[in-house]
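Note that the structure is predicted; figures quoted are calculated from it, not measured.
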There are 2 protein chains.
Amino acid sequence: MKEITAEIKKSLHTFVNRFIKTDDELFNTILGNFEYYNTARKELLLEAGKVADKVFFLPEGFVRFFHIKENGIEVTSDFYFAPGFITSFTSLIEQKPSIVNIQAMVKMDILFIKYKNLIALYDQEHKIERLGRLLAEQVFISSEKHLFSFLNDLPQERYEWLIREYPEYIKNIPLHYLASYLGITPESLSRIRNRT
Amino acid sequence: MKEITAEIKKSLHTFVNRFIKTDDELFNTILGNFEYYNTARKELLLEAGKVADKVFFLPEGFVRFFHIKENGIEVTSDFYFAPGFITSFTSLIEQKPSIVNIQAMVKMDILFIKYKNLIALYDQEHKIERLGRLLAEQVFISSEKHLFSFLNDLPQERYEWLIREYPEYIKNIPLHYLASYLGITPESLSRIRNRT
DNA sequence: TTAATTTCTTAACTTAAGTCAAGGATTTTA
DNA sequence: TAAAATCCTTGACTTAAGTTAAGAAATTAA
């Protein structure tokens, strides 16, 4: 079982301090609640049907959210790049089975905190509750952007929006995942790209 | 200038206590920060281009979120029914000009709290910070549902999802607003409804 | 480094939604 | 309550995306 490196600690510290200022005591309280984990590429950090009982922190790498529709089609709903906290918020908040799978896109060293420890931290420290509020606000904003791309734009324009808003997606993510993120088939995305 | 009635106080109390338990002192602290306002039907509670500086509480009635695209087409992005807190979260959180307009759909008596007072309450009371976190989580969940309807379903299925998930929409909301909420034209919605 | 798998593209055809236009029904408001 | 505005539907036509199928290219893993 590998240790939490100084580099990983620093990444967590920097990220948390974007939202709240932590003195040593508070940061050590937070850090003390996290455990280390090493994922394989393509490993599921959360499986659809199970209740989310952890929040992950990614100091590196990125993950994909996806689910399988009744007709068997796989839908990619989101990507998160490091650094950041990752979980199925809906499953975690409601403590109900998750709709989505969360999949590691690359092999990576990550941290996680258990749900019950997070809740205890919320009770214990006003500042951590604030961190929770600010993070919830951020995931809302990012979800709303994705939603607005559907309300405002045709598939072709959604693709243009995507490369404008998230240029790193194009470099790192297989196109058929991007297609379903955009709500279109891989064939359509291929045609859209070749009619510029 | 009309007063805040006992009925409105009760509505706020009941709603807040779904999320946090408030003793008299805490509830009076919250209530003391709200002011009364009476809207006309179709009045804009927030105009696109202005920074959101209030959060509204609706004890009754409902509102519509909409914006105008560059091509002049109006898009309805959301509806909120009473009871609940209403604002452009994105504009409020980032303190940037709002994309959306918020429009009263009926004449109603409402409350509002100013942004700076809300921030002060967050600092002052851990429990209110928690309320903020829980509300942010709820708006995320509701935005994600709307998003998933686009990722999972064709327009026809999205309409069926809407009447299943939000039957009250059909009874209260003009169809051309629902059409743009579903990302389709009024003509298409009309055809979808007439091919059951 | 080769075999297996995954990823991406192209083509032919189908279908559902968009566009443009018009008119009737309903609701609002003066 | 009558005029105005809004709301909803229908029809004819266009267009963009879906479907099915096949194969080439690239990547992964044995």
Give a yes or no on whether a donor-acceptor pair under 3.5 Å exists between the nucleobase atoms of D:dT19, that is its base, and the side chain of A:R191. yes
I want to check one thing: is the phosphate of [N], taken as OP1 and OP2, less than 4.0 Å away from some side-chain N or O of [X]?
X	N	answer
A:H176	C:dC8	yes
B:S188	C:dG18	yes
A:R41	D:dT28	yes
A:T185	D:dG18	yes

Using whole Å, what does the distance between atom [atom2] of nucleotide [N] and atom [atom1] of [X] come to?
X	N	atom1	atom2	answer
B:M105	D:dT6	CE	P	14 Å
B:L182	D:dC8	CG	C1'	16 Å
B:N172	D:dC7	CG	P	14 Å
A:I73	D:dA17	CD1	P	18 Å
A:L189	C:dT10	CG	P	12 Å
A:R193	D:dA17	CZ	P	15 Å
A:Q156	D:dG18	CD	P	13 Å
B:I184	C:dG18	CD1	P	6 Å

Both conditions, 6.0 Å and 45 degrees, for the charged tip of B:R130 above the ring of B:F19: are they met here? no
Decide whether a cation-pi geometry holds between A:R64 and A:F66; the criteria are a distance under 6.0 Å from NZ or CZ to the six-membered ring centre and an angle within 45° of the ring axis. yes
Between A:Y177 and B:G183, name the one whose nearest nucleotide on DNA chain C is closer to the 5' end. A:Y177
B:L154 or A:P174: which one's nearest nucleotide on DNA chain C is closer to the 5' end? A:P174
Looking only at side chains, do [X] and [Y] share a donor and an acceptor under 3.5 Å apart?
X	Y	value
A:Y159	A:R193	yes
A:T90	B:E144	yes
B:H67	B:E74	no

Which nucleotide in the set C:dT9, D:dC7, D:dT10 lies at the smallest distance from any side-chain heavy atom of B:E187? D:dT10
Counting only side-chain heavy atoms from C-beta out, which of C:dT9, C:dA17, D:dT10 sits nearest to B:I192? C:dA17
